Amino acid sequence: MRTIGLIGGMSWESSAEYYRLLNELVRERLGGLHSARCVLHSVDFAEIEELQRAGEWERAGEILARAAAGLQSAGADLLLICTNTMHKVADQVAAAVTVPLLHLGDATAAAVRAAGLTTVGLLGTAFTMEQDFYRDRLAAHGLTVLTPDEAGRGLVHRVIYEELCLGVVREESRAAYQGVIGELVAAGAQGVVLGCTEIELLIAPEDSPVPVFPTTRLHAQAAVTAALAGVEGRA
């Protein structure tokens, strides 16, 4: 089994989900007492969030690149950035290592295409929804990406940073997100990408009238598939 390197802590709430999912998926596929081989570098999110707000993405990328190099030195055979937003610096991180970096956007797009959909709504941080690094990655797979209006983007972003990243899950916020999802569906979205790893703490499939694509789970599934390549037949 290959060792999965996790660049986490952004936030640790979603990184805990990654750890849980990786281990559950390995156990499901190999059975018995099997669990995932993984190493984790968990950053101080306050430092990263400050750099995000200041637009100092290169400095943030340097922090994640050092983390990636350390994970490779610790034995990681493949890497995950455990956050959608920080895929803005994915190329910078990938350049710091020689092992593969599995891009979350690619795993998500593959799931959307496998479902036969071509138009999706995107929920995430303001950075993810408004900048092109993530939308363009999905579009490169032939997808049309819709985002909420300005008020909707502000709502989604605020709930992520002021609630979900702090482990706070509120029913009123779930209802508000459902309203935003409804507007995206009315605009033509056939599905909704939960493009922030924390959103899965709030929105489940039953909370949406169209399929949702939980990026944390999809990323974890892709990582386990890569880690177990050539292993399952011998387990």
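Fair warning: this is a prediction, and the values are worked out from it, not measured in the lab. Residue numbers run from 1 in the order of the sequence given.
No side-chain donor from either of Asp207 and Tyr177 sits under 3.5 Å from a side-chain acceptor of the other. Looking only at atom types and distance, the side chain of Ser14 has a donor-acceptor partner in the side chain of Glu198 under 3.5 Å away. In the model, Thr85 has a side-chain atom that pairs as donor or acceptor with a side-chain atom of Thr125 under 3.5 Å.
The environment of CH2 in Trp12 is sparse: at most 12 heavy-atom neighbours from other residues, nucleotides or ligands sit within 6.0 Å. Within 6.0 Å of atom CD in Glu150, 12 or fewer heavy atoms from other residues, nucleotides or ligands are found, so the atom counts as exposed in its surroundings. Atom CZ of Arg158 has more than 12 heavy atoms from other residues, nucleotides or ligands within 6.0 Å. Counted within 6.0 Å of CZ on Arg37, heavy atoms from surrounding residues, nucleotides or ligands total 12 or fewer; the atom is thus considered open.
When all heavy atoms are compared, the tightest approach of Val212 to Pro214 is O-CD, 3.4 Å.
You'll find the side chain of Arg2 stays beyond 4.5 Å of the side chain of Leu228, heavy atoms only.
Ring to ring, His219 and Tyr18 are close: their centroids are under 6.0 angstrom apart.
For the salt bridge (charged side-chain N to carboxylate O under 4.0 Å, His left out) test, no residue two or more places apart in sequence or in another chain qualifies with Glu183. Listed by chain and residue number, Val159, Glu163, Arg170, Leu202 satisfy the side-chain contact (heavy atoms from CB on, under 4.5 Å) test with Ser173 (two or more places apart in sequence, or in another chain).
The aromatic rings of His157 and Phe127 sit perpendicular, their planes meeting at an angle over 60°, well past the 30° parallel limit.
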